[in-house]
There are 4 protein chains.
Amino acid sequence: MTDSQRVQAAGAKRKRLMAAAAQVVHRQGVERTTIADIARAADVPVGNVYYYFKTKDELVAAALAEHERRLQLITGELDRLPDPRDRLKHLVEGWISQRDEAALYGCPTGTLAAELDKREQGGLDVAAGNLIRLLLDWVAGQFRELGQPDPDALAVTLVGAYQGMSLLANALRDPEIMTREGARLVAWLDSL
Amino acid sequence: MTDSQRVQAAGAKRKRLMAAAAQVVHRQGVERTTIADIARAADVPVGNVYYYFKTKDELVAAALAEHERRLQLITGELDRLPDPRDRLKHLVEGWISQRDEAALYGCPTGTLAAELDKREQGGLDVAAGNLIRLLLDWVAGQFRELGQPDPDALAVTLVGAYQGMSLLANALRDPEIMTREGARLVAWLDSL
Amino acid sequence: MTDSQRVQAAGAKRKRLMAAAAQVVHRQGVERTTIADIARAADVPVGNVYYYFKTKDELVAAALAEHERRLQLITGELDRLPDPRDRLKHLVEGWISQRDEAALYGCPTGTLAAELDKREQGGLDVAAGNLIRLLLDWVAGQFRELGQPDPDALAVTLVGAYQGMSLLANALRDPEIMTREGARLVAWLDSL
Amino acid sequence: MTDSQRVQAAGAKRKRLMAAAAQVVHRQGVERTTIADIARAADVPVGNVYYYFKTKDELVAAALAEHERRLQLITGELDRLPDPRDRLKHLVEGWISQRDEAALYGCPTGTLAAELDKREQGGLDVAAGNLIRLLLDWVAGQFRELGQPDPDALAVTLVGAYQGMSLLANALRDPEIMTREGARLVAWLDSL
DNA sequence: GATGAATGAGTCTTCATTCAT
DNA sequence: CATGAATGAAGACTCATTCAT
């Protein structure tokens with residue numbers, strides 16, 4: 001193994017841990033997830049996890065960062081579309097396509113934020129809030145480009161609707177809620 | 001102390017525990033709440049809790065039942081209004097009036113459902129779903145009375161919006177989100 | 001078991017833990033002593049230790065308190081002697097009588113203070129210092145009664161000599177150092 | 001880099017590790033010092049430490065050896081003085097000049113010996129004892145040259161006083177104890 | 001029923017030591 | 001020799017649950 005391969009492997013392990021943290025925490029929640037769970041999912045010995053993340057909270061922060069990375073990927077992709085309305089509609093369609101995941105585990109960011117907001121220390125609640133704000137800001141930017149009078153309020157409405165429908169789909173174990181509400185949102189976007 | 005007084009006292013203790021469970025769990029989340037936390041809030045000795053609730057899960061179920069009781073109280077009150085549209089508008093205004101609580105801890109039912117849905121066993125996830133369904137059904141009933149074509153879908157939209165705005169208010173620590181989105185919902189109800 | 005017996009038993013367990021903490025910590029040092037070691041010595045299940053002492057540091061503080069209690073016992077006993085010079089001489093003779101213990105584990109208070117002073121947080125270093133100050137003050141009081149011009153300095157000399165001879169006896173594993181240095185101190189006291 | 005330079009560099013690294021071990025262990029104690037602490041202080045990668053010292057105990061032994069080396073330096077220097085009484089007085093004055101260090105961390109050798117004597121295996125306790133014996137023997141030699149009847153006992157008294165005053169200065173965080181007791185020792189040496 | 005105390009399984013975290021290159 | 005990474009054996013601490021009166 002050459003040096004660059006080793007560095008890659010090390011970076012790869014860190015990435016595996018981040019992805020595993022994001023996935024396992026999404027499925028089980030922060031509090032019900034043990035370091036051992038994440039280690040197992042990433043195929044890393046427990047003791048070794050601490051080489052990459054000094055505390056469980058750092059792993060949760062890494063999960064948040066992973067979700068942020070994914071959000072950036074998605075919005076980056078959408079930004080290539082010329083029409084902001086199309087961007088928003090594709091965003092909603094992406095949500096709909098994740099309906100089964102949402103019905104099983106809810107929105108990754110939303111459920112994480114809800115759980116972390118129960119904490120009083122550590123600042124992870126703020127980090128989760130910032131992640132949601134990132135989405136809100138991007139959405140507001142699209143409404144602004146569309147010439148809407150109050151883009152921030154519209155962003156809250158759209159993202160709020162997403163969070164609400166994810167929560168209901170999850171609570172009722174019914175992915176079709178995502179489909180129906182998603183369709184309504186697309187129609188609403190078209191009506192603006 | 002007579003027997004009936006004792007029974008009353010015992011019943012009172014049970015009620016105190018349910019109310020404490022509902023409150024503490026709302027504030028701290030299920031996993032971060034210990035039996036001792038609830039016992040302290042209810043002013044009941046720890047060892048005694050188990051005479052009323054055999055497991056922690058039963059206490060969580062009791063918290064759910066307490067929220068159901070409160071929901072029944074609210075809808076029962078609203079049912080006295082002659083106009084179903086008014087009932088829904090008052091419901092939304094009630095949500096707005098709870099904005100500070102929502103910004104601090106989110107919607108009691110929604111955050112509880114989100115957390116319990118991460119579980120695979122015990123059936124508490126179903127119980128939480130049923131509680132939300134209760135609200136959905138009542139809301140759908142109002143839309144039905146209003147002669148709306150798809151009352152169930154409208155109920156999902158309204159309750160989803162509530163869950164979403166609560167989550168955002170909580171994540172961003174901004175109660176005004178409740179005020180603004182609530183106003184939008186009232187206007188929407190008026191427009192139907 | 002009656003209530004008073006139960007209270008006694010509970011108090012007895014706490015005392016057992018304090019005595020065990022004092023002994024085991026003296027023998028093994030703070031850092032090499034595990035909670036399990038103390039629990040075993042006190043014949044208490046590990047988990048139960050935390051009912052009485054919330055952290056390991058509290059157990060160490062309890063060991064310090066135990067040593068303070070013993071010091072109070074000793075000085076209280078010595079105070080019954082009419083002559084302050086006799087009190088000091090008996091104090092030294094007590095040290096000599098502990099020579100085997102000293103050769104094996106050093107002075108309980110001194111070794112504890114030396115170890116705790118390596119810490120930066122927690123305040124246990126200060127507590128250990130206060131314990132030593134207690135002995136210093138009592139000794140200074142005797143010198144004062146004897147009409148000595150600088151009782152505090154003499155106390156430092158006497159207690160310092162005790163700490164030094166304990167450390168040397170321990171390091172060289174030679175209890176006779178206590179005997180010889182003790183005899184010198186007694187002669188010195190007589191010469192004042 | 002030539003071979004001899006490499007050997008020199010390697011030797012330098014070893015020396016850096018020994019010095020770092022002596023310093024860090026003095027400040028933090030053996031048990032609270034990690035290999036990583038020493039490696040960092042010596043600016044040596046952690047994994048590399050094991051090429052020089054196979055175990056942590058060997059590093060502690062190296063710290064002892066470093067203290068022995070320093071002791072040899074000091075006594076070697078003092079041996080150049082013609083008068084053994086002067087040698088002892090300078091020795092004491094050296095202790096006084098280290099008073100701030102003593103108040104913060106105690107006597108390096110004494111605290112190390114006290115901590116190592118809590119161990120049952122490994123022989124480090126014996127090594128620490130030997131180091132102290134080295135000092136005792138040198139001091140006894142001076143008293144012998146002075147024609148004192150019991151030089152060994154006097155050495156125990158002098159070194160014991162040093163250990164005691166260091167411990168008290170450390171426990172009470174008061175360097176002036178070193179100054180005052182040191183002055184007393186100098187006067188005592190003059191009176192012999 | 002009431003209560004303080006007891007129990008032990010589970011979790012996070014640290015760190016000496018070893019390994020692969 | 002050099003080095004970052006790997007490993008696993010502890011150890012502190014928590015807490016749901018049970019027990020003895």
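Reckoned from all heavy atoms, side chains included, excluding hydrogens, waters and symmetry mates. Letters go in sequence order (proteins before strands), and every chain restarts at 1.
Taking atom CD of C:Glu31 as the reference point, atom P of E:dC15 lies 10 Å away to the nearest angstrom. Distance CD1 (D:Ile38) to C1' (E:dT17): 14 Å, rounded to an integer number of Å. The interatomic distance linking A:Ile35 (CD1) with F:dG8 (P) rounds to 17 Å, in whole Å. Across the protein-nucleic acid pair, A:Phe53 atom CZ and F:dA5 atom C1' stand 14 Å apart, rounded to whole Å. The distance from atom OH of A:Tyr50 to atom P of E:dT14 is 7 Å, rounded to the nearest whole Å. We find that CZ of D:Arg40 is positioned 16 Å from P of F:dT3, with the value rounded to whole Å. Here F:dG11 presents its P atom at 10 Å from CZ of C:Arg32, a figure rounded to the nearest Å. In this structure, the CD atom of D:Glu58 is 15 Å from the P atom of E:dA16, given to the nearest Å.
Side-chain proximity of D:Pro45 to the nucleotides E:dA16, E:dT13, F:dG4 is greatest for F:dG4. Closest approach to the B:Lys56 side chain among F:dT17, E:dC12, E:dT13 is made by F:dT17 (side chain taken as heavy atoms from C-beta onward).
Along DNA chain E, the nucleotide closest to C:Val44 and the one closest to D:Ala36 are compared, and the more 5′ of them pairs with C:Val44. Residue whose closest nucleotide on DNA chain E sits further toward the 5' end, between A:Thr34 and D:Asp57: A:Thr34. Sequence order on DNA chain F of the closest nucleotides to C:Lys54 and A:Gly47 puts A:Gly47 first from the 5' end.
For E:dC15, the OP1/OP2 oxygens have no side-chain nitrogen or oxygen of A:Tyr51 closer than 4.0 Å. For the pair B:Lys13 and E:dA2, the criterion of a side-chain N or O lying under 4.0 Å from OP1 or OP2 is met. Within the structure, every side-chain polar atom (N or O) of A:Asn48 is placed at least 4.0 Å from both OP1 and OP2 of F:dA5. Residue D:Tyr52 places at least one side-chain N or O closer than 4.0 Å to OP1 or OP2 of F:dA2.
Put simply, CG on A:Asp117 and CG on B:Leu104 are 10.0 Å apart, with the number rounded to the nearest 0.5 Å. Rounding to the nearest 0.5 angstrom, the gap separating the CG atom in B:Leu124 from the NZ atom in B:Lys56 is 11.0 Å.
Of all nucleotides present, only E:dA2 satisfies the Watson-Crick or G-U wobble test against F:dT21, with each distance under 3.5 Å.
Listed for the A:Asn130 side chain is no donor-acceptor partner under 3.5 Å among the backbone atoms of A:Ala127.
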Residue pair B:Asn48, B:Lys13: steps toward the side-chain contact (heavy atoms from CB on, under 4.5 Å) verdict = CA-CA 10 Å; B:Asn48 199 4; B:Lys13 227 181 229 184; 2.8 Å; yes
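The residues C:Glu31 and C:Arg119 are annotated as salt-bridged, a charged nitrogen and a carboxylate oxygen being separated by less than 4.0 angstrom.
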